[in-house]
Amino acid sequence: MTLAVCPGSFDPVTFGHLDVFARAASLFDEVVILVAHNSSKNPLFSPRQRVEFIREEVRHMANVRVEDFGGLLVDFCRDIRADAIVKGLRSAVDLDAEYPMALMNREISGIETVFLVGDPAKGHIASSLVKDVARHKGDVRSFVPARVARALEEEMQ
């Protein structure tokens, strides 16, 4: 049985994230989507809200569960005996950011990171850009699930 952890802040979850979750679920026996608490980010939505948004969107995936965690990713991975960390990449810029983290995580824990290349049709979707569009009253429904779009609209009023 293989177990992968797909971590991120997911503030908010986008269709790009959902694509990576679905593909990870097809590659591993079990996938834990981990809503991480990133001290360098100021999230719009609480961890509880982000977990709820994601749970609603992945409920049809029998081998996927969603959790949140505030500590080191590798500690969580060790605790649940994860085989791999899965990260989605939209571009070389993402790889430049993720590469040193993957090496650090492997050195600390021995857990490998598996990179999934994002769907090019969704490569322009980033949570930060979605929030920016929403702040300016733009339509974000083509980037995020309907419930998330409504929550963004409410937050930005």
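Annotation: side chain of Val133 is not in contact with side chain of Leu152 (no heavy-atom distance under 4.5 Å). By the 4.5 Å heavy-atom criterion applied to side chains, Val86 and Val31 are not counted as neighbours. Proximity of Glu57 to Phe21: side-chain heavy atoms (C-beta onward) are nowhere separated by under 4.5 Å.
Contact record, Val20 with Gly88: CG2-CA, 3.9 Å, taken as the closest heavy-atom pair. A pairwise comparison of heavy atoms in Asp19 and Lys122 identifies CB-CD, 4.1 Å as the closest pair. Residues Pro12 and Ser127 come closest through the heavy atom pair O-OG, 2.6 Å.
Residues that satisfy the salt bridge (Lys or Arg N to Asp or Glu O under 4.0 Å) test with Arg106, not counting sequence neighbours, are Glu112. Listed by chain and residue number, Phe45 satisfy the ring pair (Phe, Tyr, Trp, His ring centres under 6.0 Å) test with Phe53 (two or more places apart in sequence, or in another chain). Under the rule for a side chain to side chain contact (heavy atoms under 4.5 Å, CB included), the partners of Met61 that lie at least two apart in sequence or sit in another chain are Ala22, Ala25, Val58, Asn63, Val64. For Phe15, there are no ring pair (Phe, Tyr, Trp, His ring centres under 6.0 Å) partners at least two apart in sequence or on another chain.
A salt bridge links Glu52 to Arg147: one of the charged nitrogens lies within less than 4.0 Å of a carboxylate oxygen. The pair Arg23-Asp119 fails the salt-bridge criterion, with no side-chain N (NZ, NE, NH1 or NH2) lying under 4.0 Å from an Asp/Glu carboxylate O.
No donor-acceptor pair under 3.5 Å is formed between the side chain of Asp83 and the backbone N or O of Ala4. Panel note: side chain Arg50, backbone Val13; no donor-acceptor pair is recorded below 3.5 Å. A distance-only check finds no donor-acceptor pair linking the side chain of Arg141 to the backbone of Ala149 [under 3.5 Å]. Lys137 contributes a side-chain N or O that, together with a main-chain N or O of Met156, makes up a donor-acceptor pair within less than 3.5 Å.
The ring pair (Phe, Tyr, Trp, His ring centres under 6.0 Å) pairs that include a residue from residues 132-157 are His124-Phe143, where partners are two or more places apart or lie in different chains.
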Taking distance alone, no hydrogens or angles, what donor-acceptor pairs closer than 3.5 Å link side-chain atoms of residues 98-105 to residues at least two apart or in another chain?
{"from": "Glu98", "atom 1": "OE1", "to": "Lys87", "atom 2": "NZ", "distance (Å)": "3.1"}
{"from": "Glu98", "atom 1": "OE2", "to": "Lys87", "atom 2": "NZ", "distance (Å)": "3.3"}
{"from": "Asn105", "atom 1": "ND2", "to": "Met101", "atom 2": "O", "distance (Å)": "3.3"}

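In this pair, His17 and Phe10 present their aromatic rings perpendicular. The plane angle is above 60°, beyond the 30 to 60° band.
Checking each of Val32, Thr113, Val35, Ile85 against Pro7 for a side-chain contact (heavy atoms from CB on, under 4.5 Å) leaves exactly one that passes, namely Ile85.
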